[in-house]
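Here's the structure we're looking at; comments come further down.
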Amino acid sequence: VGVSTGVANITGSEVIENMNVLVSINNSYDEGLRHLSLSLTSPNNTSILLAAGDQVTGNWNGNDGAALYKTRLDDGTSTTIYNGFPPFVGRHRPAELLTAFDGETSTGTWTLILNSTQDHNIIIDWSIFVNPEELVPTIAISSSESSPTNASPIPISITFSKDVTD
């Protein structure tokens, strides 16, 4: 019960134009997300709410489970953290936009704040990505058959230009 913090010290100095936060949470209580909130504070003391449960003025409820697994909080996606499905794998838009940090420099101590209304064992792992390369692959689809063809099935090959696993 209470507030826990974790810090990330960034030594590189970039002006923030885009930011992502990668979070994994494991909670010993099967409805654990509804009892916690996550906020991020920059070295300039700008703070945003990443997500919260319905027991702490957010929208996660008992059906949203206990975990986040490699959840990448990213303003550039349409699925909000509250509209996804447990354990919220992949990209989700945070409760408040990370663009609040745009224009700040990345240098300094970043603080992740976990507030929990229940006494559960919670394990959290998190990372910050400043101005990340977009993870959009180029996909090429080709066939060895000329068009038109009566081949069945039509042999095709698919090539990805970029590894997009997190």
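Keep in mind that what you see is a predicted model, and the values were worked out from it rather than measured.
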Can you confirm whether more than 12 heavy atoms, excluding those of N9, are under 6.0 Å from its CG atom? yes

Could you give the distance from [atom1] ([X]) to [atom2] ([Y]), rounded to the nearest 0.5 Å?
{"X": "D125", "Y": "L22", "atom1": "CG", "atom2": "CG", "value": "7.5 Å"}
{"X": "L68", "Y": "L73", "atom1": "CG", "atom2": "CG", "value": "7.5 Å"}
{"X": "W126", "Y": "L50", "atom1": "CH2", "atom2": "CG", "value": "9.5 Å"}

Residue list, side-chain contact (heavy atoms from CB on, under 4.5 Å) with I124, at least two apart or on another chain: V23, I25, L38, L112

Kindly write out the residues that satisfy side-chain contact (heavy atoms from CB on, under 4.5 Å) with S37, not counting sequence neighbours, or none if the list is empty. L49, A52, V56, N115

Under the side chain to side chain donor-acceptor pair (under 3.5 Å) test, residues paired with D54 that sit two or more places apart: R34

Hydrophobic cluster (4.5 angstrom, side-chain heavy atoms) - remaining members for I123: none

side-chain hydrogen bond (donor to acceptor under 3.5 Å, both in side chains): pairs with one or both residues in residues 78-88, sequence neighbours excluded: T80-N83

Begin from the C-alpha positions of N131 and E17 and carry the test side chain to side chain donor-acceptor pair (under 3.5 Å) through to its verdict. CA-CA 6 Å; N131 302 329; E17 297 173 1; 5.2 Å; no

Pairs satisfying ring-ring contact (aromatic ring centres under 6.0 Å, His included), at least one member in residues 94-115, at least two apart: F101-W110

Beyond-backbone contact of N26 with I122, side-chain heavy atoms, under 4.5 angstrom: no

